[in-house]
Amino acid sequence: MKEADYYESTNGVVVMVEPYSQQEQIQQIVYRILDANLDRTREGLRIIEEWCRFGLNNAQLAGECKYLRQELAKWHTAEIRAARDTVGDIGTDLSHPQEEQRASIKSLLQANFCRVQEALRVLEEYGKLYSPNMGKAFKQMRYRVYTLESSLMGYQRHQLLWRSHLYLVTSPSDSLFATVESALKGGLTLVQYRDKNSDDTVRLEQATRLRQLCHAYGALLIMNDRVDLALAVDADGVHLGQQDMPIALARQLLGPQRIIGRSTTNSEEMHRAINEGADYIGVGPIYETPTKAGKAAAGLEYVRYAAQNSPIPWFAIGGIDANNINDVIDAGAERVAVVRSLMQAEQPTLVTQYLLSQLNRVRPQPEIVQN
Ligand SMILES: Cc1ncc(COP(=O)(O)OP(=O)(O)O)c(N)n1
Ligand SMILES: Cc1nc(C(=O)O)sc1CCOP(=O)(O)O
Ligand SMILES: [Mg+2]
C-alpha cells in the first residue's frame, strides 16, 4: 500500500495527498518532456516566422510557420501544461556557447530549424506514449518543417543573387582566402570558386573553406563547372559553361533551391539558357582577356542586347576593370563579374567598394519628352 503525504494548505487545513504511483510518475515525466518540447518547437517557429514576415515580407512562408504553431497549440493540453516544473528543471540553466553568438541571419535560421526539428523528433517519439495520433501528427509536422526550411533557405539564396551586383570569380592564388575576405569586407556578396587545374582534394578543401568564409559574411559561394563538388561542399550553386553539364541534369541533381548559372556569348545562347531554367547568365567576354585567352570578344553590343532582353540577372564578364566599368554600365549592365580586377588588386576591399559604388550609382534616366 502507498504511504500518504501530508501538507498544510494556506488556510491551515491539513490535507492528505496520495503520492503518485510509479506509472503516474512516469506519465508526469512524459508530460514534462512533451511540455518542454512543445514550447521549444513553438519558440523556434516564432523566431523563423518573424524573419519571414519582417525580413522577407513573405506572407506564404510566415503563414506556414503560423499554421504549424497553431497545430502545435492543439496538442498542448491542460494536463500536459500542468506537469510543468520550471523550478525543478535542471535544463533551464544549460546553454551552449554557440547559442550566445550568431554570425548571420542564415546561421540564426539554421540553428532554429535544427532546434525545431530536434524537438519535433522528441515529440514524435514520446508522443506515441501519449496517443498514437500524436506520434503521427509530429512526424508529418517534421516533414513540413523540412520543406519550409528548404523553401526558405532557397528563397534567401535567390534573393541574395538578385541583390548581388558584383561577382568575384577566383583564380588560383597563394593569397586566395585573404583576397576573398578582403573583397567580402568591401561588400561583395557573390563569389565563384574557379580552379581549372588543381586536384579534387585541393578543390574540396579550398571550396569548403571558401564556403565557410562566404557564409560568415552572408555571401554566396558558387562552384565553377562541377555539380558534384558543389554538392560535396554544400555550395549555393554551380556555374556551367556551354560545354559543361546540361542545365536540366544539373537541376535534377541540385534541386530547385540551389543556383545554376550559364555562360553565354550571343543572343541564341542567352535565350536557350533562360528557357532551360538558368537562374542567372554570364554575358561575355565583353573585352578580350588573358584569363580566357583565345575567346573572341562579344563586345558592348551584346551588353545592350542583354539589357533589353534578359528577364533574369546577368553579369557582364571579361576584361572589366575600374577604368572601363562605366562604359559597360553605360551600355546597360547593372551587374559585373571580374577575375583579375580583384584577384590581382593590392587592396581588394577598396576596389570592391569602388566597383560597387559605380554599379550602385543612380543613373540619370533617359529624358521624357513632354508634348
Ligand atoms: C559569371 C561567369 N560567366 C562566365 C564564366 C565562364 O564559364 P565557362 O564558359 O564554363 O568557362 P570556365 O570558367 O569554365 O573556364 C564563368 N566562369 N563565370
Ligand atoms: C572566366 C571567364 N569567362 C568569360 C566568358 O566570357 O565566359 S570571361 C572570363 C574571364 C574574366 O576574367 P577577367 O575579369 O580577368 O578578364
Ligand atoms: Mg566551365
Side-chain angles (χ1 to χ4, degrees), residues 161-162 164-173 176 179-180 183 188-198 203 207 210 214 219-230 235-247 249-250 259-270 272-274 276 278-303 305-306 310 312-325 327-328 331 333-345 348 351-352 354-355 358-359:
L161 170 68
W162 281 76
S164 297
H165 290 264
L166 181 64
Y167 190 177
L168 166 60
V169 180
T170 66
S171 55
S173 157
L176 174 68
T179 304
V180 172
L188 182 75
T189 49
L190 186 57
V191 177
Q192 181 187 135
Y193 175 63
R194 179 176 182 269
D195 182 337
K196 310 296 286 185
N197 298 316
S198 292
R203 288 186 176 125
L210 275 186
C214 288
L220 299 169
L221 180 75
I222 305 291
M223 173 67 70
N224 177 256
D225 289 346
R226 297 276 298 275
V227 172
D228 56 342
L229 296 187
D236 296 292
V238 72
H239 185 91
L240 302 170
Q242 292 291 320
Q243 267 70 51
D244 298 321
M245 183 183 283
I247 293 175
L249 186 52
I259 292 166
I260 300 181
R262 176 71 116 197
S263 315
T264 70
T265 310
N266 55 52
S267 58
E268 195 192 314
E269 288 175 359
M270 169 192 284
R272 198 177 328 122
I274 293 166
E276 286 173 0
D279 295 304
Y280 76 85
I281 49 175
V283 162
I286 306 308
Y287 304 107
E288 280 185 13
T289 165
T291 317
K292 197 106 180 120
K295 201 165 176 189
L300 290 174
E301 203 41 53
Y302 186 37
V303 172
Y305 183 86
S310 177
I312 61 172
W314 56 276
F315 294 84
I317 184 168
I320 300 172
D321 58 26
N323 295 317
N324 60 23
I325 189 165
D327 298 336
V328 184
E334 292 176 358
R335 295 181 178 82
V336 154
V338 298
V339 179
R340 286 166 304 147
S341 290
L342 283 173
M343 291 308 295
Q344 293 178 10
V351 177
T352 301
Y354 175 75
L355 296 176
Q358 298 311 298
L359 289 160

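In listed order, ligands and their atoms are each counted from 1.
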Audit row: V238, N224, side chain to side chain contact (heavy atoms under 4.5 Å, CB included) steps and yes/no: CA-CA 6 Å; V238 72; N224 177 256; over 6 Å; no
Worked verdict on V336 versus V338 for side chain to side chain contact (heavy atoms under 4.5 Å, CB included): CA-CA 7 Å; V336 154; V338 298; 3.8 Å; yes
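R340 and T291 share a donor-acceptor pair across their side chains, judged by distance under 3.5 Å alone. Between the side chains of S310 and Y305, no donor-acceptor pair is found at a separation under 3.5 Å.
In this structure, K196 pairs ionically with D225, as a charged nitrogen and a carboxylate oxygen lie closer than 4.0 Å.
Summarising the geometry of M245 relative to R262, their closest heavy-atom pair is O-NH1, 3.4 Å, with the distance given to 0.1 Å. Closest of all the heavy-atom pairs between N266 and E269 is OD1-N, 2.9 Å.
Using cut-offs of 30° and 60° for the angle between ring planes, the Y167 and F315 rings count as perpendicular.
Listed by chain and residue number, the protein contacts of ligand 1 are Y167, Q192, R194, K196, N224, D225, H239, G241, D244, S263, G282, K292, I317 (heavy atom within 4.0 angstrom). At a 4.0 Å heavy-atom cut-off, the residues surrounding ligand 2 are R194, G284, P285, T289, T291, K292, K295, I317, G318, G319, V338, V339, R340, listed by chain and number.
Put simply, the side chain of D236 never gets that close to the backbone of I222: no donor and acceptor are under 3.5 Å apart. Listed for the H165 side chain is a donor-acceptor partner under 3.5 Å among the backbone atoms of E334.
Less than 2.8 Å away from the Mg ion (ligand 3), the protein contributes these N/O/S atoms: D225 OD1, D244 OD2.
Two residues are said to be in side-chain contact when any heavy atoms from C-beta on lie closer than 4.5 Å; L220 and T189 fail this criterion. Using a 4.5 Å heavy-atom threshold, the side chains of I286 and L300 count as touching.
For residues 280-302, the set of pairs meeting the salt bridge (charged side-chain N to carboxylate O under 4.0 Å, His left out) definition, not counting sequence neighbours, comprises E301-R304.
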